[in-house]
Amino acid sequence: SVSQGPTMIEKIEPINILLMEDSEGDVRLVQEALKEGKLHNRLFVVRDGVEGMDFLQKRGKYQDATRPDLILLDLNMPKKDGREVLGEIKQHEDLKRIPVVILTTSSSEADILKTYNLHANCYIVKPLNLDEFIRVVRSIESFWLSIVKLPTGEK
């Protein structure tokens, strides 16, 4: 008889997603869309760029923060905007491998160019209606979290 080799039973860990978004409505839309999705995920939400960097660097009230597998980043946020946050993430030795998906209302060519120059992994313009928005979040989920192989661990 031909041996099939050992069968692997993988324990499915939840995917950790950090959403940096100041619009309450958009936060709710992302939560809804992810809830309906097929993947087991945990969504962490921060409302501005300063809080976002605190979360990623485990500072202050975020000392026990979970390292995200994926970051959804709005460009236009208070205190520190998404462009600054993206620049900091991608210059940071330990954070730069976390994929960053820009999710913004800006379709400006300059913003698109600038964020790719700062090494954004993906740029998506927010659709204005609910169904489209949910479709976009699900496509992010299925592409980035099902198809793409992400680096694991700290190093």
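Throughout, residue positions are numbered sequentially from 1 according to the sequence presented.
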Item to check | Heavy-atom closest contact (Ala120 atom, Ile102 atom, distance) | outcome: CB-CG1, 3.8 Å

Checklist entry - Which residues satisfy the side chain to side chain contact (heavy atoms under 4.5 Å, CB included) test with Lys79, sequence neighbours excluded? => result Asp48, Val50

Checklist entry - Counting only N and O atoms by type, is there a donor-acceptor contact under 3.5 Å from the side chain of Asp74 to the main-chain atoms of Met77? => result no

Next on the checklist: Within the 3.5 Å criterion, strictly below it, is a donor on Ser106 or Asp111 matched to an acceptor on the partner's side chain?
Outcome noted: yes

Item to check | Phe55 to Thr66 - nearest heavy-atom pair and separation | outcome: CE2-O, 3.2 Å

Checklist entry - side chain to side chain contact (heavy atoms under 4.5 Å, CB included) between Leu18 and Leu70: does it pass, once the steps are laid out? => result CA-CA 6 Å; Leu18 175 60; Leu70 180 70; over 6 Å; no

Item to check | Worked check of side chain to side chain contact (heavy atoms under 4.5 Å, CB included) between Leu73 and Val85 | outcome: CA-CA 9 Å; Leu73 177 62; Val85 169; 4.1 Å; yes

Checklist outcome for this item: Note: Leu75 and Tyr123 closest approach over all heavy atoms is CD1-OH, 3.8 Å

Checklist entry - Roughly how far, to the nearest 0.5 Å, is the CG atom of Leu103 from the CG atom of Asp26? => result 7.5 Å

Checklist outcome for this item: So CD of Glu88 and CG of Leu118: to nearest 0.5 Å the spacing works out to 11.0 Å

Checklist entry - Can Lys90 and Asn121 be said to form a side chain to side chain donor-acceptor pair (under 3.5 Å), step by step? => result CA-CA 10 Å; Lys90 295 301 182 179; Asn121 297 84; 3.0 Å; yes

Next on the checklist: Would a single hydrophobic cluster contain both Val100 and Leu113, if residues Ile, Leu, Val, Met, Phe, Trp and Tyr are joined by side-chain heavy-atom contacts under 4.5 Å?
Outcome noted: no

Item to check | Intermediate values then yes/no, side chain to side chain contact (heavy atoms under 4.5 Å, CB included), Arg67 and Leu95 | outcome: CA-CA 9 Å; Arg67 179 186 170 87; Leu95 301 174; 4.2 Å; yes

Item to check | Under 3.5 Å donor-acceptor, Lys58 side chain and Ala65 backbone | outcome: yes

Checklist entry - Where do Lys80 and Glu51 land on the salt bridge (Lys or Arg N to Asp or Glu O under 4.0 Å) test, with the steps shown first? => result CA-CA 9 Å; Lys80 183 181 285 194; Glu51 212 182 322; over 6 Å; no

Checklist entry - Which atom pair, heavy atoms only, marks the closest approach of Pro68 to Leu56? => result CG-CD2, 3.6 Å

Checklist outcome for this item: Heavy-atom nearest pair, Thr105 first then Asn76, reads OG1-ND2, 4.2 Å

Checklist entry - For the atom pair CG (Leu34) and CG (Leu43), what is the distance rounded to the nearest 0.5 Å? => result 5.5 Å

Checklist entry - Between Asp54 and Arg59, is there a donor-acceptor pair closer than 3.5 Å when you use the side chain of the first and the backbone of the second? => result no

Item to check | Given Met20, Glu24, Glu21, the one that forms side chain to side chain contact (heavy atoms under 4.5 Å, CB included) with Arg47 | outcome: Glu24

Next on the checklist: Could you measure the distance from the NZ atom of Lys114 to the CZ atom of Arg83? Nearest 0.5 Å is fine.
Outcome noted: 7.0 Å

Checklist entry - Minimum heavy-atom separation for Leu86 to Thr115, with atom names? => result CD2-O, 3.5 Å

Next on the checklist: Pair Leu72, Val30 - check side chain to side chain contact (heavy atoms under 4.5 Å, CB included), show working.
Outcome noted: CA-CA 10 Å; Leu72 302 179; Val30 171; 4.2 Å; yes

Checklist entry - Once you round to the nearest 0.5 Å, how far does CD1 of Ile112 lie from OG1 of Thr104? => result 9.5 Å

